[in-house]
Amino acid sequence: DGECDERERAGALYLASRDMTELDQRVANLDEVRNILAQLNDRYPDNRYAEAIGRNIDLVQRELDAIRQGRQTPSGKGG
């Protein structure tokens, strides 16, 4: 289904972003991941993954904040 495909796409983008050394591209990927996950929870608020998706959104947002503040991120190679 579309929900599963989008979660898988977000997961693949997230994993790809972890190996990126180009910060602009990494930020773009992470922004897209966050947007995909947020849209999933908006479209399917009662889905069985809503809580986990919310935690993933928080994780991605923390990574974006760290990159934008110029700090090393837990899962990536950072700046």
inquiry  = Run the side chain to side chain contact (heavy atoms under 4.5 Å, CB included) test on Glu32 and Asn35 for me, step by step, so that the C-alpha distance in whole Å, both residues' side-chain angles and the decisive distance to 0.1 Å come before the verdict.
reply    = CA-CA 5 Å; Glu32 186 172 354; Asn35 291 338; 5.6 Å; no
inquiry  = Quick check: do Ile53 and Ile57 have side-chain heavy atoms less than 4.5 Å from each other?
reply    = yes
ask   = Which residues pass the side-chain hydrogen bond (donor to acceptor under 3.5 Å, both in side chains) test with Glu22, sequence neighbours left out?
value = none
Separation between CZ of Arg7 and CG of Leu37, rounded to the nearest 0.5 Å = 9.5 Å
request  = Using a 4.5 Å cut-off on heavy atoms from C-beta on, say whether the side chain of Arg34 contacts that of Leu30.
outcome  = no
ask   = Could Asp24 and Arg68 be called an ion pair, given the rule that one side-chain N must be under 4.0 Å from one carboxylate O?
value = no
inquiry  = Under a 3.5 Å distance rule, please check whether Asp19 uses its side chain to pair with a backbone N or O of Ala16 as donor and acceptor.
reply    = no
inquiry  = So Leu40 and Tyr49, do their side chains get closer than 4.5 Å, heavy atoms only?
reply    = no
request  = Using the side chain to side chain donor-acceptor pair (under 3.5 Å) rule, take Gln25 and Asn29 through it: C-alpha gap first, then chi angles, then the decisive distance, then the call.
outcome  = CA-CA 6 Å; Gln25 184 59 47; Asn29 266 33; 3.0 Å; yes
key: Smallest separation among heavy atoms of Pro45 and Ala50, with atom names   = O-CB, 3.8 Å
query = Are the side chains of Val60 and Asp31 in touch, meaning some heavy atoms are under 4.5 Å apart?
reply = no
request  = Grab the two heavy atoms, one from Gly54 and one from Asn41, that are nearest each other, plus how far apart they are.
outcome  = N-ND2, 3.7 Å
inquiry  = Rounded at 0.5 Å granularity, tell me how far CZ in Arg18 sits from CE in Met20.
reply    = 13.0 Å
ask   = Does any donor atom in the side chain of Gln61 or Asp65 lie under 3.5 Å from an acceptor atom in the other side chain?
value = yes
